[in-house]
Amino acid sequence: MPQPPYSPDLAPCDFFLFPKLKKPMKGRRYATLDEIKTASKEELKKILKNDFFEVLRRLEKPLAKLSLAMNRISRVDQDAISLILTPTLFRLDNNNLSSLPPAIFTPLVGRMSIAGGTLIVNAAPVLYQYLTVRGRAGNPFSCSGCEYLWVVINKVILRQVLIGFTCADGRSIDDLNLFNIGCP
């Protein structure tokens, strides 16, 4: 499906990364898909990590929406989250996340709380039921261990920012406490 010319959904990669990859490859002929992949990887390795940071710093306005929903994400890298400006809506619902590591999510949730943002980690109940029938039932949060202590401590803020949080066993944020997460 073609992308509209002035779409607000375009990402910084559309203006920075893809042109940097395409320009040196323009006019070259490739016999196989593997040759294209190899050439792309070589060009990608030439782009410095600082170039990515600089592009994100130059963004003048915070992101309005960022959706990573339904991408089979099983873990989130701290560097990836630290690069994200504070979106007003951030969707991570219906992936394969089993935890929300505090070192990664506490700063993000704090920024989003101040900005009045929303972090959706599981779909709305009606959609959740629909997806469950089709084998896609949201993030299977374990809700066990001291990794969830930050969730227990910050329930008041999280109720406002973290939407759709449900443990794999059906518990909500309000159901969690030190004893049932198994953190002494």
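All values below were derived from every heavy atom in this structure, side-chain atoms included, with hydrogens, water molecules and symmetry-related copies excluded.
- Between C167 atom SG and N139 atom CG the span is 11.5 Å, to the nearest 0.5 Å.
- For the pair S40 and M25, the tightest heavy-atom approach, listed with the atom from each and the gap, is OG-CE, 3.5 Å.
- A side-chain donor-acceptor contact under 3.5 Å links N95 to the backbone of N71.
- Taken from CG in N96 to CZ in R72, the straight-line distance is 7.5 Å, to the nearest 0.5 Å.
- Inter-residue side-chain proximity for L92 and L119 is flagged as met; some heavy-atom pair is nearer than 4.5 Å.
- Rounding to the nearest 0.5 angstrom, the gap separating the CG atom in D175 from the CD1 atom in I181 is 12.5 Å.
- Looking at E43 and K46, a side-chain N of the basic residue comes within less than 4.0 Å of a carboxylate O on the acidic one, giving a salt bridge.
- Nearest heavy-atom pair, L176 versus C143, reported as atom, atom and distance to 0.1 Å: CD2-CB, 4.0 Å.
- Between L100 and F141, the closest side-chain pair of non-hydrogen atoms falls below 4.5 Å.
- Here the closest non-hydrogen pair linking P107 and P102 is CD-O, 3.7 Å.
- Side chain of N154 to backbone of I157: no donor-acceptor contact under 3.5 angstrom is found.
- Of all non-hydrogen atoms in V109 and L158, the two that sit nearest each other are CG1-CD2, 3.5 Å.
- Rounded to the nearest 0.5 Å, atoms CE (M112) and CG (L89) are 7.0 Å apart.
- With values rounded to the nearest 0.5 angstrom, R75 atom CZ is found 11.5 Å from S98 atom OG.
- Contact check for V121 versus D93: no side-chain heavy atoms found under the 4.5 Å cut-off.
- Within the model, atoms CG of D174 and CZ of F165 stand 11.0 Å from one another, a figure rounded to the nearest 0.5 Å.
- A39 approaches Y30 most closely through the heavy-atom pair CB-CE2, 3.6 Å.
- Ring geometry, F105 versus W150: the interplanar angle falls under 30°, so the pair is classed parallel (tilted spans 30 to 60°).
- In the hydrophobic clustering of this structure, L178 groups with I153; members are Ile, Leu, Val, Met, Phe, Trp, Tyr whose side-chain heavy atoms approach within less than 4.5 Å, directly or through other members.
- Within a 6.0 Å radius of NZ in K155, more than 12 heavy atoms belonging to other residues, nucleotides or ligands are found.
- Between the side chains of N180 and R171, a donor-acceptor pair is found at a separation under 3.5 Å.
- Considering only heavy atoms from C-beta on, E42 comes within 4.5 Å of T38 through its side chain.
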